[in-house]
Amino acid sequence: MGKIFQVIVLGFKGEKFAIDVAKEEKHFNEMTVLEFKKKLISKLPGYSGI
């Protein structure tokens, strides 16, 4: 099994979300803010269709 690089995000109401960012350190380091925002939006409840 490989590693999964995650970022823990705190929501407005105190809820925690674990966002899977990458499976390799190289991809994690190359992730742009825009790419991360897209992954974050897809994990937020109520925004999965955007």
Side-chain angles (χ1 to χ4, degrees):
M1 273 201 164
K3 294 181 181 179
I4 297 177
F5 292 84
Q6 296 181 324
V7 175
I8 305 298
V9 179
L10 295 175
F12 291 115
K13 298 177 183 176
E15 63 274 337
K16 291 183 182 178
F17 298 98
I19 308 298
D20 296 342
V21 177
K23 294 183 179 179
E24 296 179 6
E25 186 175 2
K26 179 183 179 214
H27 294 124
F28 180 80
N29 291 331
E30 293 174 350
M31 175 72 61
T32 65
V33 174
L34 180 59
E35 291 171 326
F36 177 71
K37 282 182 179 181
K38 288 179 182 178
K39 287 185 181 244
L40 177 62
I41 288 173
S42 70
K43 291 283 282 189
L44 290 176
Y47 293 98
S48 59
I50 295 177

Q | Connected via hydrophobic side-chain network under 4.5 Å: Val9 and Phe28 | A | yes
Q: Please report the closest heavy-atom contact between Glu35 and Glu30, naming both atoms and the distance.
A: OE1-O, 4.0 Å
Q: Tell me, please, which residues at least two apart from Phe36 pass ring pair (Phe, Tyr, Trp, His ring centres under 6.0 Å).
A: none
(Q) Leu34: which residues meet the side chain to side chain contact (heavy atoms under 4.5 Å, CB included) condition with it, sequence neighbours left out? (A) Thr32, Lys38
Determine all donor-acceptor pairs shorter than 3.5 Å in which one atom belongs to a side chain in residues 11-25; sequence neighbours excluded.
| residue | atom | partner | partner atom | Å |
| --- | --- | --- | --- | --- |
| Glu15 | OE2 | Phe12 | N | 3.4 |
| Asp20 | OD1 | Gln6 | NE2 | 2.6 |

